[in-house]
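Keep in mind the model is a prediction, meaning the values are calculated, not measured. Indexing begins at 1, ligand by ligand and atom by atom, following the structure's order.
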Amino acid sequence: MSQLQQRKDDHLRICLEEEVGSDISTGLGGYRLEYDALPEIDLVDVDLRVELLGRSLQAPILIGSMTGGSERAGEMNKRIARAAAKVGLGMALGSQRAMIPHPELRETYAVRDAAPDLPLLIGNIGAVQLRHGLGHKELASLVNDVQADALYFHLNPLQEAIQPEGDTEFRGLKAMMAEYVEALPFPCLAKEVGAGISEKTAKKLAGIPFAGIEASGVGGTSWARVEGYRAPSQSVSAQLGERLRGFGTPTAHSIQHCRQHFSERCVIGSGGIRTGLDIAVAIALGADAVAIARPVLEAAHQSEEACEQYLTNLLHELRVICFCTGAANIQELRNVRLLTH
Ligand SMILES: Cc1cc2nc3c(=O)[nH]c(=O)nc-3n(C[C@H](O)[C@H](O)[C@H](O)COP(=O)(O)O)c2cc1C
């Protein structure tokens, strides 16, 4: 097994077995949606459907970027994709870097083979890979080989700095991303991996013709902490992973910065989205949709059916919240008043 495959399995194991939360609040709990005891709509008429990147979803929810690249990861991806397709939600893949030196690993990412009806599929690559010679041809084949609709460039300096074998050469990435995003024939989006997008970062990324951005703020899975577990115990990286587990921009702020600077472009709220209420607040703060990662993995680890049930329950909760705020659809949910006291 290559180092890349081993790392994928380490990430899955640690995320399923260890305490990997950031221990910091997402900030979403600081807001209350204005309740409406006289909504004047029927619960059954609430319409959760949205258009995202030109695709129709049954609700504004994506399964966040997680995995691929090992046998176990491939099995998780297939379970998740089938569950997401049944419920009518979108899905993102984990970093496809392993596919470049090992084209035979395509199968572990090719979720459309297992779930041809998946309404939206987004590929994923670390932006820092552009510094290692990744070019237009490789980026295009990452998307085409798995029939994805779009590509995420993930930005993860904190994770890379703590990862024992991490890539920390971020100089010049903004210009490189701008060049590729402009030239690639499919929509590209930027994302963090759980340390969030600050105002400073949002401003810089807004200058690149990304189709959208995913907030991935602090409050959910901490990748500083995950990498800390992979480092030898008592090592500086292990200690740093624990100490910096809450470092970054909380999800609520991250969503607001993304919305402010990406005005009409697609904004996906993520990082610690766990409940229908989190989804509703993220949307009222300006997200077009949300992405949920680790809880979906935990459900898929049990079974495909458990994953489908988890997603179905989330949709039901979101529908109840829309009903009780008088929002007949997601557009109206965006306009529900948020109270801070
Ligand atoms: C097992 C696992 C693997 C992940 N791998 C990737 C990855 O390869 N690329 C990426 O952009 N984000 C990756 N992420 C980060 C998630 O997409 C997300 O940004 C982060 O976990 C916060 O969301 P959560 O709190 O819902 O887990 C991964 C998350 C998990 C749980």
Side-chain angles (χ1 to χ4, degrees), residues 4-5 7-28 61-70 72-73 75-77 80 90-99 105 108-109 122-129 142 150-160 163 166-167 188-197 213-227 229-230 245-246 248-251 254-255 258 268-275 278-279 282 287 289-301 310-311 314:
L4 282 171
Q5 284 166 282
R7 186 157 78 218
K8 295 286 174 190
D9 281 349
D10 286 350
H11 286 159
L12 289 181
R13 180 183 51 75
I14 292 167
C15 284
L16 288 168
E17 293 175 11
E18 304 288 353
E19 180 43 68
V20 292
S22 60
D23 288 349
I24 298 272
S25 145
T26 57
L28 297 169
I61 303 173
L62 294 177
I63 317 309
S65 303
M66 279 190 280
T67 203
S70 71
R72 187 179 188 195
E75 173 59 25
M76 289 298 147
N77 267 347
I80 291 171
M91 172 179 179
L93 296 168
S95 169
Q96 293 170 265
R97 181 182 169 195
M99 269 174 67
L105 293 176
T108 68
Y109 295 94
I122 309 183
N124 186 295
I125 191 73
V128 73
Q129 296 310 317
L142 289 181
L151 180 67
Y152 271 125
F153 284 90
H154 70 251
L155 295 160
N156 58 343
L158 179 60
Q159 178 187 4
E160 297 286 352
Q163 187 175 100
D167 288 311
C188 296
L189 298 92
K191 78 182 283 289
E192 233 289 339
V193 302
I197 303 289
I213 185 162
E214 184 182 319
S216 202
V218 177
T221 309
S222 162
W223 280 84
R225 213 169 184 190
V226 173
E227 296 298 349
Y229 280 110
R230 289 186 62 238
R245 64 184 184 266
T249 308
T251 297
S254 191
I255 291 172
C258 291
I268 297 173
S270 68
I273 303 286
R274 300 291 177 260
T275 64
D278 289 336
I279 300 172
V290 299
I292 305 173
R294 188 162 44 100
V296 180
L297 178 70
E298 287 169 349
H301 177 60
Y310 169 76
L311 297 172
L314 264 186

Asker: Is Asn77 reaching over with its side chain to a backbone N or O of Tyr109, donor-acceptor style, under 3.5 angstrom?
Answerer: no
Asker: Nearest heavy atom to atom 18 (C) of ligand 1 wins, so pick from Ser216, Gly194, Gly64.
Answerer: Ser216
Asker: Please verify whether a non-hydrogen atom of Cys15 lies at under 4.0 Å from ligand 1.
Answerer: yes
Asker: Side chain or backbone of Thr221 under 4.0 Å from ligand 1, or both, or neither, by non-hydrogen atoms?
Answerer: both
Asker: Looking at Glu214 and Ile268, would you say the former's side chain and the latter's main chain have a donor-acceptor pair under 3.5 Å?
Answerer: no
Asker: With rounding to the nearest 0.5 Å, note down the distance linking CG in Leu314 to CG in Asp278.
Answerer: 9.5 Å
Asker: With a 4.0 Å cut-off on heavy atoms, is Thr67 touching ligand 1?
Answerer: no
Asker: Does ligand 1 have any atom sitting under 4.0 Å from a heavy atom of Ile273?
Answerer: no
Asker: Quiz question: by atom type and distance under 3.5 Å, do the side chains of Ser22 and Arg245 form a donor-acceptor pair?
Answerer: no
Asker: With respect to atom 13 (C) of ligand 1, which of Ser65, Ala195, Ala293 exhibits the smallest heavy-atom separation?
Answerer: Ser65
Asker: Please work out whether any backbone atom (N, CA, C, O) or any side-chain heavy atom from C-beta onward of Leu297 is under 4.0 Å from ligand 1, and answer side chain, backbone, both or neither.
Answerer: side chain
Asker: How far is atom 20 (C) of ligand 1 from its nearest protein heavy atom, and which residue and atom name does that atom have?
Answerer: Val193 O, 3.4 Å
Asker: Should you measure from each heavy atom of Arg274, which atoms of ligand 1 turn up under 4.0 Å away?
Answerer: 24 (P), 25 (O), 26 (O), 27 (O)
Asker: For a side chain to side chain contact (heavy atoms under 4.5 Å, CB included) with Leu28, tell me which candidate from Thr275, Ile273, Ile279 qualifies.
Answerer: Ile273
Asker: Which residue supplies the protein heavy atom nearest to atom 12 (N) of ligand 1, what is that atom called, and how far is it?
Answerer: Lys191 NZ, 3.0 Å
Asker: To the closest 0.5 Å, what do you measure between CD (Glu298) and CE (Met76)?
Answerer: 11.0 Å
Asker: Between Glu19 and Gly21 (side chain of the first, backbone of the second, donor and acceptor by atom type, cut-off under 3.5 Å), is there such a pair?
Answerer: yes
Asker: Are the side chains of His154 and Asn124 in touch, meaning some heavy atoms are under 4.5 Å apart?
Answerer: yes
Asker: Identify the closest protein heavy atom to atom 3 (C) of ligand 1: which residue and atom is it, and at what distance?
Answerer: Met66 O, 3.1 Å
Asker: For Asp167 and Gln129, does a side-chain donor sit closer than 3.5 Å to a side-chain acceptor?
Answerer: yes
Asker: So that I can tick it off, tell me whether Arg72 and Glu75 are bridged by a salt bridge, with the cut-off set at under 4.0 angstrom between side-chain N and carboxylate O.
Answerer: no
Asker: Considering non-hydrogen atoms of the protein only, which is the closest contact for atom 2 (C) of ligand 1, and what is the distance?
Answerer: Trp223 CZ2, 3.4 Å
Asker: Let me see the working for His11 and Trp223 under side chain to side chain contact (heavy atoms under 4.5 Å, CB included), right down to the final yes or no.
Answerer: CA-CA 9 Å; His11 286 159; Trp223 280 84; 3.4 Å; yes
Asker: With heavy atoms only and a cut-off of under 4.0 Å, state how Arg294 meets ligand 1: side chain, backbone, both or neither.
Answerer: both
Asker: Heavy atoms only, cut-off 4.0 Å: how does Tyr152 contact ligand 1, side chain, backbone, both, or neither?
Answerer: neither
Asker: Using a 4.0 Å cut-off to any heavy atom of Gly220, which atoms of ligand 1 qualify?
Answerer: 25 (O)
Asker: Could you tell me, atom by atom, which parts of ligand 1 come under 4.0 Å of a heavy atom of Ser95?
Answerer: 7 (C), 8 (O), 9 (N)
Asker: In terms of atom number and element, which parts of ligand 1 are under 4.0 angstrom from non-hydrogen atoms of His154?
Answerer: 9 (N), 10 (C), 11 (O)
